[in-house]
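Below is one structure, written out as structure tokens, with a few remarks after it.
These numbers come from the heavy atoms of this one structure, side chains and all, not from hydrogens, waters or symmetry mates. Sequence lines set the chain letters: A, B, ... in the order given, protein chains first and strands last, and positions in each chain run from 1.
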Amino acid sequence: MPQRFAKRNKVSIIFLSLLILSLLLMSIDVKNRGKLSLLDELVVDSTSVAQRGIANSYQSGKGLWSGYIYLAGLRKENLMLKKEAAELRESLNTFREAVQENQRLKELLSFKEKTGYRVVTARVIGISPASFSKTITIGKGSADGVAKGMAVVTNDGVVGRVLSSSSSASKVLLITDRNSDVDAVVQRSRDRGIAEGGEPDLLQLKYFPRSADALEGDLVVTSGIGGVFQKGLVIGSISRVDKDRGGIFQYAEIRPAVNFSKLEEVLVITESPNGSGG
Amino acid sequence: MVAGDKKMHHIILLTLSGLALIVGQGSLPPLPLTLNPTLVIVVYAGQFYLPITGLIMSFLLGYFLDLASGGLLGLNSFSMVSLCYLSYLLGSRIVIQNRLSQSLVVFSFYLLYGGIVYSLFRFFNIDVTGYSYLKVILRDGAATAILSPVIISAIRKMERFLRFQNERTTTPGNIKI
């Protein structure tokens, strides 16, 4: 009898089993946020290899497009000249890319020199393919000293925090993600609030008292409370204040200092000058 | 419906294509919206493949999407399995033969997907701002719906190619000695 029941309802049983398995996965993940199982780590590691490959091919393709195909009309002039010009353009493009990369890295290093933090420079190798999470994948992992909870920044400001690390790659939760909250302070008035993600490319300053003093354009920095972000890192600037919205609190929007659509390299703060971890 | 034993390699290839799309999408520069080709594949599998293989494929694709996105592990596997089952249950009641119907069906499924994810967020006490969430659902749902005929057409081309290959290798005249 049970066998007949199982046979007749095979699809429903498998459907329910998969749902229960998914719910179990979610419960475990909610409890141990950021800890990767051996299987997950294996998948993340192998994915990061593929992502690194695709990211490199994309960069090469971009270089090829700007340095060669786009100016293909010059070919007709002379075969020799074309070849030479293409080679020169390719070299120039490579040179320009190198100069730009050098500039970006210099800017990142100036952050290190200014603050004295011990940092690890990492390349962004992937972005989240899902609508409901704003994360990036960086090409440095636990083997490079990157660990869960470390702050990730650029010279412009705060990017996010490390969510999980495998040996060669890490997931970074951006400050614009709805699950991200950063204890923040308005630099001018020193009034505190919690900078939360959720709106596309904007942050909201929550629990910000109505009596607090904030003006559009005011810089918002990390307060140092919470143990993840060091004090004084730039989050962004206030783009909108509305005292009539938000009940006992006032509504304030923050435009992040970092342009997340142009992130190529980031710094992971592995140690503060006072010796505490990131 | 596709005959199971003979078409197992179809679903394997479809799963691998889905995985490649997830990895590829995650490696591209950030776009102002996020497409969800996985959802299109899952709805298609629910309609045209054997339910058990379709459900397992949906679970795997969802799980991989969770891993790649760094979001709550199990969120997309739960949603994709539910959508595949629903697509299977609806069966011939929904028509996805022309581009417009494909887009409309995918958009409706995207709204359901948004509803499932929202419920799970509430269930696990994850803070969600209703208005901005709805905005993301409508924007990404519309983009995915517009793209869905291209994905479905690619899947059909792949199936035709595999069928052709299969016929070629099983026709007696083509057997090589």
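Looking at B:Asp66, neither its backbone nor its side chain comes within 4.5 Å of chain A, counting heavy atoms on both sides. Heavy-atom distances place both the backbone and the side chain of B:Val81 under 4.5 Å from chain A. In this structure, chain A has no heavy atom under 4.5 Å from any part of B:Asn36. Both the backbone and the side chain of A:Leu23 come within contact range of chain B, judged by heavy atoms closer than 4.5 Å. Of the two parts of B:Tyr113, only the side chain, counted from C-beta on, holds a non-hydrogen atom closer than 4.5 Å to a non-hydrogen atom of chain A. Residue B:Ser82 touches chain A through both its backbone and its side chain, counting heavy-atom pairs closer than 4.5 Å. For A:Gln204, no part lies under 4.5 angstrom from a heavy atom of chain B. With a 4.5 angstrom heavy-atom cutoff, B:Leu120 touches chain A only via side-chain atoms. Interface remark: B:Leu89 contributes no atoms to any contact with chain A (heavy atom separation under 4.5 Å).
More than 12 non-hydrogen atoms from other residues, nucleotides or ligands lie less than 6.0 angstrom from CZ of B:Arg156. Remark: B:Lys135 NZ is packed, more than 12 non-hydrogen atoms of other residues, nucleotides or ligands lying under 6.0 Å away. Residue A:Arg255 places its CZ atom among 12 or fewer non-hydrogen atoms of other residues, nucleotides or ligands, all under 6.0 Å distant.
Side-chain atoms of B:Phe123 and A:Met26, non-hydrogen and from C-beta on, never get closer than 4.5 Å to each other. Looking only at side-chain heavy atoms (C-beta outward), B:Leu73 and A:Ile28 stay at 4.5 Å or farther from each other.
Of the residues considered (B:Cys84, B:Gly114, B:Ser69), B:Ser69 shows the highest number of contacts with chain A, using heavy-atom pairs under 4.5 Å. Among the candidates B:Thr38, B:Asn76, B:Ile137, B:Val117, the residue making the largest number of heavy-atom pairs closer than 4.5 Å to chain A is B:Val117.
Atoms CG and CZ, from A:Leu24 and B:Phe78 in turn, are 11.5 Å apart once rounded to the nearest 0.5 Å. In this structure, the separation between NZ on A:Lys171 and CG on B:Leu67 is 8.0 Å, given to the nearest 0.5 Å. For the atom pair OH (B:Tyr85) and CD1 (A:Ile14), the distance works out to 11.0 Å, reported to the nearest 0.5 Å. Distance CG/B:Leu72 to CG/A:Asn179: 8.5 Å, rounded to 0.5 Å. Once rounded to the nearest 0.5 Å, the distance linking OG of A:Ser12 with CG of B:Leu55 reads 9.5 Å. Taking CG of B:Leu75 as the start and CG of A:Asp29 as the end, the distance is 9.5 Å to the nearest 0.5 Å.
Side-chain atoms of B:Tyr63 and A:Ser22 include no donor-acceptor pair closer than 3.5 Å.
Taking every heavy atom of both residues into account, A:Lys10 and B:Ile52 meet most closely at CE-CD1, 3.5 Å. Of all non-hydrogen atoms in B:Thr34 and A:Ser128, the two that sit nearest each other are CG2-O, 4.4 Å.
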